[in-house]
Amino acid sequence: MVFVTAGLVFLVARNLSWRTLGPSPGSFQLAQFSPRGLAGAAVQTYAAVSAGLVESIFFIGLPWLWYSSARQRPSELLFTLAVSAVFALAHWEHGRHGVIAAFFAHCVMCRWFLCWRTLWPVVLGHTLIDMAVFV
């Protein structure tokens with residue numbers, strides 16, 4: 001579910017921002033720097049798995065532990081918007097369309113995390129989205 005919902009939100013947000021704001025002046029694409037063939041597939045898989053795991057931990061899991069322990073009634077909406085903004089800004093190298101898409105996709109991933117209270121589905125969904133984007 002995370003892959004489908006966050007992936008669709010990512011694609012819709014990216015494409016709408018492209019239509020609204022016009023072409024981006026340039027952005028980083030991992031595929032242009034990775035080798036071809038089996039080695040390239042291994043590099044892209046490693047990048048997707050490590051990004052899915054590390055970014056989910058540092059942009060959802062740990063901030064939620066800190067935020068929820070600091071407040072008696074933590075605002076899930078405020079948390080979602082704040083960490084999604086930081087997550088989006090961390091993806092600046094993908095251009096403005098990537099930042100916009102990352103923000104909205106991360107909002108969806110945060111909502112799934114807050115619904116299930118476990119990070120593993122988010123890690124898997126994030127990894128699958130990255131694998132689809134890196135190709």
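By convention here, the first residue in the shown sequence is residue 1. Hydrogens, waters and symmetry mates are skipped; everything else that's a heavy atom, side chains included, is used.
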Would L114 end up clustered with L62 when hydrophobic side chains under 4.5 Å apart are linked, directly or stepwise?
yes

hydrophobic_cluster_shared for F79 and V122, side chain cutoff 4.5 Å
yes

Indicate the atoms forming the closest heavy-atom contact of A90 with E93, along with that distance.
O-OE1, 3.3 Å

With rounding to the nearest 0.5 Å, note down the distance linking OG in S56 to CE in M109.
6.5 Å

Are L81 and F10 joined in one hydrophobic group, where the rule is that I, L, V, M, F, W and Y side chains link up if heavy atoms are under 4.5 Å apart?
no

Under 3.5 Å, is there a donor-acceptor pair between the side chain of Y46 and the main chain of A41?
no

Counting C-beta onward and ignoring hydrogens, is there a side-chain heavy-atom pair between H94 and V133 closer than 4.5 Å?
no

Do V4 and I129 land in one hydrophobic cluster if side-chain heavy atoms of ILVMFWY residues count as linked below 4.5 Å?
yes

Using every non-hydrogen atom in the two residues, find where A102 and A88 come nearest and quote the distance to one decimal.
CB-CA, 4.1 Å

In Å, rounded to the nearest 0.5 Å, how long is the span from OG1 of T80 to CZ of R111?
5.0 Å

Testing W112, F3, F87 for ring pair (Phe, Tyr, Trp, His ring centres under 6.0 Å) with H126, which one passes?
F87

Please give me the minimum heavy-atom distance between G22 and H97, naming the atom from each residue.
O-NE2, 2.8 Å

Roughly how far apart are E55 CD and S50 OG, rounded to 0.5 Å?
8.5 Å

Membership question, hydrophobic clusters at under 4.5 Å side-chain separation (ILVMFWY): are V54 and L128 in the same one?
no

Criterion side-chain contact (heavy atoms from CB on, under 4.5 Å) on L53 and W120, from CA distance to verdict
CA-CA 9 Å; L53 180 64; W120 290 113; 4.1 Å; yes

Parallel, tilted or perpendicular, judged at 30° and 60°: which one describes the rings of F59 and H91?
tilted

Search all heavy atoms of M1 against all heavy atoms of T5 and return the closest pair with its distance.
O-OG1, 2.7 Å

Measure the shortest side-chain to side-chain distance between V108 and L8 over non-hydrogen atoms and say whether it is less than 4.5 angstrom.
no

So CD1 of I60 and OG of S84: to nearest 0.5 Å the spacing works out to 7.5 Å

Using the side-chain contact (heavy atoms from CB on, under 4.5 Å) rule, take M131 and T45 through it: C-alpha gap first, then chi angles, then the decisive distance, then the call.
CA-CA 7 Å; M131 289 180 85; T45 301; 3.9 Å; yes

Intermediate values then yes/no, side-chain contact (heavy atoms from CB on, under 4.5 Å), R117 and W64:
CA-CA 10 Å; R117 301 295 179 181; W64 178 252; 3.2 Å; yes

Show your working on side-chain contact (heavy atoms from CB on, under 4.5 Å) between F113 and T118 and close with a plain yes or no.
CA-CA 6 Å; F113 167 74; T118 180; 5.9 Å; no

Within 6.0 Å of CG in L65, more than 12 heavy atoms from elsewhere
yes

Matching residue for F104 among L16, V9, V12 - test: side-chain contact (heavy atoms from CB on, under 4.5 Å)
V9

Smallest heavy-atom separation, A13 atom then A101 atom, equals CB-CA, 3.9 Å

Please give me the minimum heavy-atom distance between P63 and V83, naming the atom from each residue.
CB-CG1, 3.8 Å

Is atom CH2 of W116 surrounded by more than 12 heavy atoms (other residues, nucleotides or ligands) closer than 6.0 Å?
yes

Any non-hydrogen side-chain atom of L119 less than 4.5 Å from a side-chain atom of I57?
yes

